[in-house]
Protein chains: 2
Amino acid sequence: MKRTLENINYKEDTELLARFAKALGHPTRIAILKHLENQSCCFTGDLVDVLPLAQSTVSQHLKELKNAGLIQGELKPPKIKYCINQKNWERAKLLFETLFNYDLTNKKY
Amino acid sequence: MKRTLENINYKEDTELLARFAKALGHPTRIAILKHLENQSCCFTGDLVDVLPLAQSTVSQHLKELKNAGLIQGELKPPKIKYCINQKNWERAKLLFETLFNYDLTNKKY
DNA sequence: TAATTCAATCGCAAATTTACGATTAATAAT
DNA sequence: ATTATTAATCGTAAATTTGCGATTGAATTA
């Protein structure tokens, strides 16, 4: 963005939720996460086989999911085993639930 | 993106979920939606007062939320009243739930 | 009719995202 | 020691996103 002289401070939860949402904001990354849910874990190569994208592109998507904290990689040389980061996955789940269930939780009484 | 000669076809739900997630992928837009949940509905001007952003920028964020189907605008000349699009909101909620509750719904038995 | 109000849109600039091929680094196998 | 395998990273290009001020269009009010 341009001319952003001062940064905006949103609530921490808002920032975090947006971060998670942004990471989920690409069909390839949704597909990766769905695959990880099915397989529990998998190697980068498995995903390259499944997705119609170059290895470097898949690697980049994995990096973004990792940076957002949604997945984690474990070294199994020379491969890397990726799994969903359960702790942050639960965190994300709760943040989305809070957003979508606002009416039920806060407006009923 | 570059050199995308053929488009990738993901499942419809995957595409839709990614679309919703992308729209949620900015703290300003999360803030707008939270505000709409609190107020039920509001005018663009209300949001401009609340957010430390230019009117045109807020308008752009509203446009993205509208394009994703998460909100809808109702003409109340010369103002425009924005509300959450309940139908699509529910759709989004379900798609996120399906993603996050995969283990529970599909792996328990 | 003219002035005012509200919000979308335009035009621009900078940053970020998406994608690819090529290269690199690390490890395993020969 | 050399070769092969795996996946990250680099460099590049194009598209998209984010932000702003200025302008426009629509409708209300004076």
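Predicted model only: the values in this text are computed from it and were never measured.
Distance CG (A:Leu75) to P (D:dT6): 15 Å, rounded to an integer number of Å. A:Leu24 places its CG atom 12 Å from the P atom of C:dT18, with the value rounded to the nearest Å. Residue B:Arg19 contributes atom CZ, which lies 14 Å from atom P of D:dT16 at whole-angstrom precision. Between the CG atom of A:Asn67 and the P atom of C:dT16 there is a distance of 13 Å, given to the nearest Å. As a whole-Å value, the separation of B:Phe43 CZ from D:dA26 C1' is 16 Å. The distance from atom CD of B:Glu64 to atom P of C:dA8 is 13 Å, rounded to the nearest whole Å. Across the protein-nucleic acid pair, A:Glu74 atom CD and C:dT27 atom C1' stand 16 Å apart, rounded to whole Å. Per the geometry, CG belonging to A:Asp49 stands 13 Å off C1' belonging to D:dT5, to the nearest Å.
Checking D:dG19, D:dG21, D:dA22 against the side-chain heavy atoms of B:Ala54 singles out D:dG21 as nearest. Relative to the side chain of A:Lys63, the nucleotides C:dG21, D:dT9, C:dA8 differ in distance, and D:dT9 lies closest. Side chain of B:Ser59, nearest nucleotide from C:dA8, C:dT18, D:dC20: C:dA8. For A:Ile80, the side-chain atoms get nearest to D:dA7 when compared with the rest of D:dC10, C:dA7, D:dA7. Of the candidates C:dC20, C:dT18, C:dA8, C:dC20 carries the atom nearest the A:Thr57 side chain, counting heavy atoms from C-beta on.
Where B:Gln55 and A:Thr28 meet DNA chain C, the nucleotide closest to each residue was compared, and B:Gln55 sits on the side nearer the 5' end. Each of A:Lys79 and B:Arg29 was matched to the nucleotide of DNA chain D holding its nearest heavy atom; the match closer to the 5' end belongs to A:Lys79. Map B:Leu53 and A:Ser56 each onto its nearest nucleotide of DNA chain D; the residue landing nearer the 5' end is A:Ser56.
Residues B:Tyr82 and B:Phe43 keep their aromatic ring centres 6.0 Å or farther apart.
In this structure, B:Arg19 contributes its side chain and B:Asn67 its backbone to a donor-acceptor pair below 3.5 Å. In this structure a side-chain-to-backbone donor-acceptor pair under 3.5 Å is missing from B:Thr57 to B:Leu53.
Between B:His61 and D:dG19 there is a side-chain polar atom (N or O) within less than 4.0 angstrom of OP1 or OP2. Remark: B:Tyr82 is not in phosphate contact with C:dC6, judged by side-chain N or O atoms under 4.0 Å from OP1 or OP2. Considering only side-chain N and O atoms, A:His26 lies nowhere under 4.0 angstrom from the phosphate OP1 or OP2 of D:dT16. In this structure, A:Lys22 does not reach the D:dT17 phosphate: none of its side-chain N or O atoms is under 4.0 Å from OP1 or OP2.
Residue B:Thr44 is in sugar-phosphate contact alone, with no base atom involved, counting any heavy-atom pair closer than 4.0 Å across all strands shown.
Side-chain atoms of A:Gln60 stay outside donor-acceptor range of the base of D:dA8, with no qualifying N/O pair under 3.5 Å.
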Determine, stepwise, if the pair B:Leu24 / A:Leu24 fulfils side-chain contact (heavy atoms from CB on, under 4.5 Å).
-> CA-CA 9 Å; B:Leu24 296 174; A:Leu24 295 174; over 6 Å; no

Salt bridge (Lys or Arg N to Asp or Glu O under 4.0 Å) evaluation trace for A:Lys79 with A:Asp46 = CA-CA 11 Å; A:Lys79 298 188 177 185; A:Asp46 302 341; 5.6 Å; no

side-chain contact (heavy atoms from CB on, under 4.5 Å) between B:Lys34 and A:Tyr102, worked out = CA-CA 9 Å; B:Lys34 284 185 177 177; A:Tyr102 182 84; over 6 Å; no

